[in-house]
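Quantities reported herein were computed from a predicted structural model and do not represent experimental measurements. Throughout, a chain's letter reflects where its sequence line sits, starting with A, and its residues are numbered from 1.
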Amino acid sequence: VTATPDQTGESRESTAVITALLVPLVVGTAVAVALGVFARVHDPTGHAIDVPGFKSTLSVKTWLTTVAALLAIVQVVTASGMWGRLGLGDATWTAPVHRWTGRLAVAATIPVVVHCVYAIGFESTSTRVLLHSVLGCFFFGAFVAKMLALPRGNLPGWALPVLGGLVTIGLIALWLSSALWYFDTHGIGT
Amino acid sequence: VTRKTPYLTLAALAVLFLVMVAIEAAAASGDDKGGGDGGNTSEYGHSSVLTGGARP
């Protein structure tokens with residue numbers, strides 16, 4: 001049985017789609033694993049940088065993560081608008097707002113992850129802490145995969161919403177496993 | 001916005017990551033040399049952050 005030209009074309013197309021998805025996913029996974037391995041094998045410094053106006057480094061990290069989580073909600077709303085789910089019509093403001101809130105959200109998490117990885121490390125002292133450590137690695141891996149997938153024109157329509165959704169889920173889960181815990185145990189305050 | 005924009009975003013965030021690592025390393029190094037609290041930093045056990053055993 002020989003393949004028809006149509007079947008050969010479809011096969012080539014699906015191979016191109018798989019390749020286009022594979023590179024971002026492999027690099028994203030590598031980033032997540034590298035972060036986790038470094039955090040695990042690196043000897044944590046156990047140091048904290050005090051920031052005026054905040055009672056502790058944990059408080060700073062909590063509020064930065066909260067800002068990032070709020071920006072993630074804006075991300076979901078603007079992404080829904082960009083994909084025509086909110087009935088906004090030709091709203092040109094959604095794309096730039098989506099891009100900049102995404103950049104700011106990830107930028108806000110960077111001091112947090114650096115302190116987590118460098119000063120604390122990958123820990124498993126409780127289910128919450130283990131989950132938080134895994135989610136931190138997952139979030140940055142998913143973000144890198146999303147960024148690398150963005151410029152690729154030959155992705156299936158579901159790829160970017162799924163990758164973006166995974167990034168958002170990762171960030172919200174990070175907030176739930178850290179900032180919510182902090183507010184619950186220490187109260188809301190700086 | 002071009003196809004390079006996501007790569008530039010990733011690069012900028014990677015630079016920010018490295019800057020923060022340098023700050024953390026300098027703070028830890030300063031504390032080590034100073035024999036404890038280095039002025040604007042404090043020290044705690046990495047598995048007992050503030051509240052004994054858990055961390056955010």
Side-chain angles (χ1 to χ4, degrees), chain A residues 27 31 43-52 55-59 61-62 65 95-96 99 102-103 106-107 109-121 123-126 128-129 132-133 140 143-144 146-153 174-175 177-183 185-186, chain B:
Chain A
V27 176
V31 167
D43 190 22
T45 60
H47 285 73
I49 299 170
D50 296 331
V51 177
K55 63 187 172 195
S56 67
T57 301
L58 294 192
S59 176
K61 291 169 72 179
T62 296
T65 309
R99 280 195 295 274
R103 289 165 186 159
V106 177
T109 64
I110 286 180
V112 181
V113 69
V114 168
H115 185 262
C116 285
V117 166
Y118 203 80
I120 300 174
E123 290 192 339
S124 53
T125 50
S126 72
R128 182 189 66 78
V129 170
H132 182 73
S133 298
F140 280 94
F143 172 73
V144 168
K146 163 90 188 295
M147 286 291 104
L148 294 179
L150 270 173
R152 293 171 180 267
L174 271 176
W175 183 84
S177 64
S178 57
L180 181 62
W181 167 86
Y182 183 87
F183 289 140
T185 52
H186 295 76
Chain B
V1 179
T2 68
R3 290 168 77 90
K4 285 183 184 170
T5 306
Y7 300 124
L8 292 174
T9 302
L10 267 182
L13 291 169
V15 169
L16 179 60
F17 184 92
L18 294 175
V19 168
M20 291 307 302
V21 168
I23 291 171
E24 283 283 346
S29 164
D31 274 7
D32 289 344
K33 285 177 188 166
D37 192 333
N40 66 337
T41 63
S42 57
E43 190 170 2
Y44 51 77
H46 65 267
S47 62
S48 59
V49 181
L50 294 180
T51 53
R55 70 164 212 191

Looking at every heavy atom in both A:Pro151 and B:Arg3, which two are closest together, and how far apart are they?
O-NH2, 2.7 Å
Quick one: which residues of residues 7-14 of chain B reach chain A at under 4.5 angstrom, heavy atoms only?
B:Tyr7, B:Thr9, B:Leu10, B:Leu13
Residues forming a side chain to side chain contact (heavy atoms under 4.5 Å, CB included) with B:Val21, sequence neighbours excluded
A:Val114, A:Tyr118, B:Phe17
Against chain B, label A:Val113 side chain, backbone, both or neither, depending on which of its atoms sit under 4.5 Å from a heavy atom there.
side chain
